[in-house]
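Working notes, beginning with the structure itself.
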Amino acid sequence: MDSPGANGAEAALPPPPPIPPNVVPLHEDKEQVPDVENQVAKPKRELMARKGLARRGQPIQLLTNHFAVKVANTDGYFFHYSVALFYEDGRPVDGKGIGRRVLDRVHETYSSELDGKHFAYDGEKSLFTVGALPQNKHEFMVVLEEASSNRAAGNGSPDGNNSPNEVDRKRLRRPYRSKSFKVEISFAAKIPMNSIANALRGRESEDSQEALRVLDIVLRQHAAEKGCLLVRQSFFHNNPRNFTDLGGGVLGCKGFHSSFRATQGGLSLNIDVSTTMIVQPGPLLEFLVANQNVKDPYSIDWAKAKRTLKNLRIKAIPSNAEYKITGLSELPCNQQLFTLKQRGDADVEEITVYEYFVNRKGTELRYSAELPCINVGKAKRPTYIPIELCSLISLQRYTKALSTFQRSSLVEKSRQKPQERMAVLSDVLKTSMYDRDPMLKACGVSINSNFTQIEARVLATPMLKLGNGEDLKPQNGRWDFRFKKFVRPTKIECWAIANFSTPWDINSLVRDLVKCGEQLGIFMNQPLDIFHENPQTRRAPPSVRVEQMFEQMMGKIREPPQFLLCLMPERKTCTIYGPWKKKALAEVGIPSQCIGPNRKPNMAYYANVLLKINAKLGGLNSLLSVEHVPSIPLVSKIPTIILGMDVSHGSPGHSDTPSIAAVVSSRQWPLISSYRASVKTQPARSEMIASLFKPVEDRDEGLVRELLLDFYASSGKRKPEHIIIFRDGVSESQFNQVLNIELNQIIEACKFLDEKWSPKFTLIIAQKNHHTKFFMSGSPNNVPPGTVIDTKVCHPRNNDFYICSHAGMIGTTRPTHYHVLYDEIGFSADDLQELVHSLSYVYQRSTTAISVVAPIRYAHLAASQMGHFVKFEDASETSSSHGGMSNPGAVPVPELPTLKDSVSSSMFFC
């Protein structure tokens with residue numbers, strides 16, 4: 001074959017594609033062209049296997065909510081089939097929810113053609129059987145009656161005499177009582193069931209993951225057949241006893257999570273209590289009035305209501321016919337016209353929806369005349385129903401952001417003491433009757449009804465170092481500073497108070513705060529001044545109120561104070577908080593502490609405030625004795641930096657709000673209690689951190705560079721030889737991306753600073769969002785702080801463990817699940833678990849051990865606080881050079897303001 005340049009072959013190549021008008025071509029920069037060959041040559045890192053089990057700690061017997069599972073049919077196969085659904089005219093079915101009803105009808109109608117086989121259907125495009133169907137491809141036609149839900153909301157009989165669905169079906173654009181569907185079932189793959197046994201031996205594969213997915217789909221189908229709402233592997237029954245009112249037309253709905261897990265102890269069924277939010281079933285108007293907290297239907301914000309109601313399902317009264325809401329009418333019910341055609345009559349007339357229902361149907365309407373109608377048709381072919389004839393059906397998820405009150409109410413009402421939770425889980429397993437499920441029977445699955453017994457260990461509580469060289473051993477994961485001093489107290493000579501209309505006795509506040517500071521070793525002068533907000537500006541926008549407060553302060557104070565105490569008018573969700581923090585940190589460069597109204601502040605309250613103030617000003621409240629000595633294995637003798645990484649996303653319902661990535665790093669080695677943060681925006685809902693390393697021309701604008709430079713400057717001009725990374729917020733399906741993409745970025749950031757620099761890495765994922773719980777056998781109490789589990793319910797091969805580092809005072813303790821993906825440093829299992837445990841005791845904001853390592857909690861706080869800086873809905877249209885854009889033409893990502901140098905290396909987030 002000729003070379004590309006020979007015989008005019010080059011000229012024969014097609015021209016390059018045209019450049020789209022919204023894309024600016026990038027000029028080639030020789031220094032920035034990726035080295036593709038080197039990228040291809042990079043070996044892909046694999047998740048590390050467990051090296052051995054740890055031994056340290058006091059043995060303790062526990063129970064866990066994993067139930068042992070046996071699979072008898074290990075020689076069989078799951079057969080995977082693709083499912084395609086079409087309407088009678090050949091159009092593909094795109095709506096969700098109808099698939100299960102169609103496949104149920106297929107099973108009822110064509111059981112003999114399917115050899116009587118039962119199947120597990122995922123509700124979308126996949127179906128699984130145990131053993132093969134008679135043919136590789138089946139085609140069936142089935143007929144479904146018009147939709148009616150078993151999640152009843154009204155008492156009217158379906159299609160009653162006065163139903164708008166009866167004689168006027170054509171007028172309401174519902175041409176059929178029933179619909180025909182064509183179903184195509186095609187062979188896709190064969191999955192050996194013995195792959196599950198291989199996974200239990202540590203030989204995980206795509207087959208084993210798929211086989212476990214099939215078993216989980218069986219559980220979903222089992223729940224769907226009982227009329228449950230399905231939320232991934234959590235199932236919610238339509239039982240009012242499971243509902244709890246959260247206010248605002250929102251209910252908390254208790255259900256349960258159920259999934260199969262491959263563990264060291266064999267296959268297990270993990271069952272746990274689960275909670276979701278649903279809209280309050282019943283009259284639609286009542287929901288909207290409650291949701292918007294207005295006094296009557298005429299005060300409803302209909303633009304907001306339209307967003308809230310979109311895609312919710314209602315039943316029309318009195319017919320009980322079920323519809324999906326597509327929108328609202330543009331005009332009120334007594335003005336909204338539609339074309340009415342009489343049966344058997346060629347004449348048509350224009351009539352209002354209100355007149356039709358009141359005069360023609362004899363329906364009494366109390367409120368609807370001046371309110372919009374509900375549209376259950378299409379935008380161009382609307383079908384209108386008066387709003388008071390609409391009733392929300394039950395078990396519909398509420399996916400908007402909860403208010404602070406709703407969130408705290410949900411947490412409070414979802415709590416269960418350990419013994420109560422165990423009783424509920426035992427009952428769930430019993431009432432689920434999995435032993436009767438035909439698919440599980442076909443797999444030979446049997447489930448033990450007893451909680452699995454495991455052996456755990458309780459690690460020794462780390463000693464703390466306080467002021468005056470005093471040592472302190474926390475009790476039950478807690479300690480206090482009564483009659484004790486901070487290990488590194490700051491000196492506050494110059495500070496001021498900004499009072500935003502707070503009903504404080506400010507003289508008492510100053511007196512008690514200064515007195516408490518003195519007891520803790522902090523010297524505090526009297527404040528330079530107390531600045532009160534002008535009463536005339538209290539109704540101004542928050543940013544204006546903040547701006548005027550700073551103008552007032554800076555007009556009187558010659559030198560910038562070390563610190564500002566801001567008295568907020570409300571305790572939570574105060575609109576001033578974001579503008580205040582942005583102004584103080586990004587524009588003025590002064591650390592500040594915000595506090596809300598408190599009727600009876602005591603010395604414990606002031607001590608808690610001073611914990612945060614001391615940390616923000618560069619002090620330390622306590623240290624681990626092992627970092628004071630220093631004697632932490634593989635950390636204290638070799639320069640080591642600890643990173644905590646997290647991504648914070650916008651609240652539900654705000655899909656265009658950028659995500660915020662935060663990385664915090666330890667500083668002043670050999671300490672592991674002092675941290676700083678680096679924060680950037682990135683495209684909405686992106687979990688992978690895109691800007692750890694970000695070369696721009698001849699510099700790196702990524703998150704990690706400034707942290708490495710700060711470590712070097714604060715640690716005696718030593719580069720870290722060990723880098724320990726704690727990553728939060730990723731699922732198991734994303735582990736490989738963290739290991740092979742995010743870790744590569746950090747390595748690139750190191751190489752950019754010094755090509756010869758090759759630090760060693762340890763990478764650990766922390767997960768809180770899981771369903772494994774541990775219980776004390778025969779005791780009503782939670783497991784003690786420091787409880788660690790690395791056997792029985794852990795992964796058959798991978799290096800993972802659970803730690804309950806904190807004292808669970810209310811509800812049931814949720815352990816943190818740590819996955820060690822990579823360990824070049826070479827920690828022993830004991831040393832690594834003790835390091836993780838110790839890092840739960842260095843959180844400077846409290847006097848308790850926390851449930852996850854402090855660097856991760858700090859990363860979450862930093863992302864959250866910086867998120868308050870920007871009102872993203874008012875963000876500029878220019879793309880952020882920090883966050884970037886996911887693709888040309890995407891929504892620009894606004895850039896966060898840069899913190900002033902005077903606060904950028906502080907624990908401003910504390």
Side-chain angles (χ1 to χ4, degrees), residues 467 480-486 489-535 537-538 542 545-546 548-557 559-581 583-585 588 590-619 621 844-847 865 868 903 906-910:
D480 65 55
F481 279 97
R482 279 180 297 179
F483 314 116
K484 295 175 177 60
K485 298 192 183 301
F486 291 156
T490 51
K491 191 174 184 180
I492 305 174
E493 296 178 320
C494 177
W495 65 291
I497 296 176
N499 177 27
F500 284 96
S501 320
T502 310
W504 280 91
D505 177 349
I506 297 181
N507 291 329
S508 297
L509 164 68
V510 171
R511 182 190 68 238
D512 293 341
L513 191 65
V514 170
K515 180 181 177 183
C516 186
E518 185 181 346
Q519 292 173 0
L520 294 169
I522 294 178
F523 170 79
M524 288 184 77
N525 271 331
Q526 291 294 308
L528 295 172
D529 209 336
I530 300 168
F531 298 91
H532 299 278
E533 182 180 31
N534 186 331
T537 66
R538 288 177 189 172
R545 295 173 68 183
V546 168
Q548 292 192 1
M549 178 64 80
F550 269 95
E551 284 178 11
Q552 184 189 161
M553 287 191 294
M554 297 311 162
K556 289 190 70 175
I557 302 175
E559 293 291 325
Q562 282 175 271
F563 153 71
L564 294 170
L565 183 66
C566 178
L567 308 183
M568 294 280 176
E570 299 105 26
R571 288 191 68 183
K572 293 183 179 178
T573 64
C574 183
T575 54
I576 291 173
Y577 182 82
W580 171 269
K581 285 292 184 181
K583 182 75 178 179
L585 294 172
V588 183
I590 301 174
S592 68
Q593 178 63 44
C594 298
I595 57 176
N598 192 314
R599 291 181 182 177
K600 295 181 180 179
N602 54 21
M603 296 310 275
Y605 173 83
Y606 290 118
N608 189 45
V609 170
L610 285 162
L611 288 172
K612 300 168 187 175
I613 293 172
N614 191 50
K616 285 174 180 173
L617 295 180
N621 306 325
Q844 299 296 308
R845 281 169 55 97
S846 72
T847 55
Q865 184 160 132
H868 285 287
V903 292
S906 72
M907 292 177 71
F908 66 87
F909 45 82
C910 206

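The analysis underlying the following values was restricted to heavy atoms, covering all of them including side chains, and did not include hydrogens, waters or symmetry mates.
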- Query: Does Gln562 reach the main-chain N or O of Pro591 with its side chain, forming a donor-acceptor pair under 3.5 Å?
  - Reply: no
- Query: Is it true that a side-chain atom of Lys616 and a backbone atom of Cys910 form a donor plus acceptor pair closer than 3.5 Å?
  - Reply: yes
- Do we see a donor-acceptor contact under 3.5 Å between the side chains of Gln865 and Tyr577? yes
- Task: Go through the structure and list residues passing side-chain contact (heavy atoms from CB on, under 4.5 Å) with Met554, not counting sequence neighbours.
- Result: Phe550, Val588, Ile590
- Task: With side-chain contact (heavy atoms from CB on, under 4.5 Å) as the test, would you mind laying out the steps for Asp529 and Ile557 before giving the verdict?
- Result: CA-CA 8 Å; Asp529 209 336; Ile557 302 175; 5.5 Å; no
- Nearest 0.5 Å, what's the CG-CD distance between Leu528 and Gln526? 10.5 Å
- Task: Taking all non-hydrogen atoms of both residues into account, name the closest pair between Ser592 and Ala584 and its distance.
- Result: OG-CB, 4.1 Å
- Query: Below 4.5 Å, heavy atoms only, C-beta onward: do Pro569 and Cys574 meet side chain to side chain?
  - Reply: yes
- Message: With side-chain contact (heavy atoms from CB on, under 4.5 Å) as the criterion, how do Thr490 and Phe523 come out once you've worked through the C-alpha distance, each side chain's angles and the decisive distance to 0.1 Å?
- Response: CA-CA 7 Å; Thr490 51; Phe523 170 79; over 6 Å; no
- Message: Rounded to the nearest 0.5 Å, what separates atom NZ in Lys581 from atom CD1 in Ile576?
- Response: 13.5 Å
- In sequence, state the C-alpha distance, the side-chain angles, and the governing distance for Leu564 and Cys566, and then conclude on side-chain contact (heavy atoms from CB on, under 4.5 Å). CA-CA 6 Å; Leu564 294 170; Cys566 178; 5.9 Å; no
- Item | Minimum heavy-atom distance between Phe481 and Leu611, given as atom pair plus value | CE1-CD2, 3.9 Å
- Any donor and acceptor pair, going by atom type alone, linking the side chain of Asn621 with main-chain N or O of Phe486 inside 3.5 Å? no
- Item | Over all atoms of both residues, closest heavy-atom pair of Trp495 and Pro561 | CA-CB, 4.0 Å
- Query: Considering residues at least two apart in sequence or located in another chain, which fulfil the side-chain contact (heavy atoms from CB on, under 4.5 Å) criterion with Gln548?
  - Reply: Thr537, Val544
- Given Val510, Ile613, Leu610, the one that forms side chain to side chain contact (heavy atoms under 4.5 Å, CB included) with Met524: Leu610
- If every non-hydrogen atom of Met549 is compared with every non-hydrogen atom of His532, which pair is closest and at what distance? CE-C, 4.1 Å
- Message: Would you say that Asp512 contacts Tyr605 through its side chain, given a criterion of any heavy-atom pair below 4.5 Å between the two side chains?
- Response: no
- Item | Exercise: identify the closest heavy-atom pair between Ala498 and Met553 | CB-SD, 4.2 Å
- Verify side-chain contact (heavy atoms from CB on, under 4.5 Å) between Gln519 and Met603, making sure each step is shown before the conclusion. CA-CA 10 Å; Gln519 292 173 0; Met603 296 310 275; 4.1 Å; yes
- What heavy-atom pair brings Val514 and Asn525 nearest, and what distance separates the two atoms? CG2-O, 4.2 Å
- Message: Taking the side chain as everything from C-beta on, heavy atoms only, tell me whether Phe531 gets closer than 4.5 Å to Asn499.
- Response: no
- Message: Tell me if a side-chain donor or acceptor on Lys556 pairs with a main-chain N or O of Glu551 at a distance below 3.5 Å.
- Response: no
- Message: List the residues meeting side-chain contact (heavy atoms from CB on, under 4.5 Å) with Lys612, not counting sequence neighbours, and say none if there are none.
- Response: Gln593, Asn608, Arg845
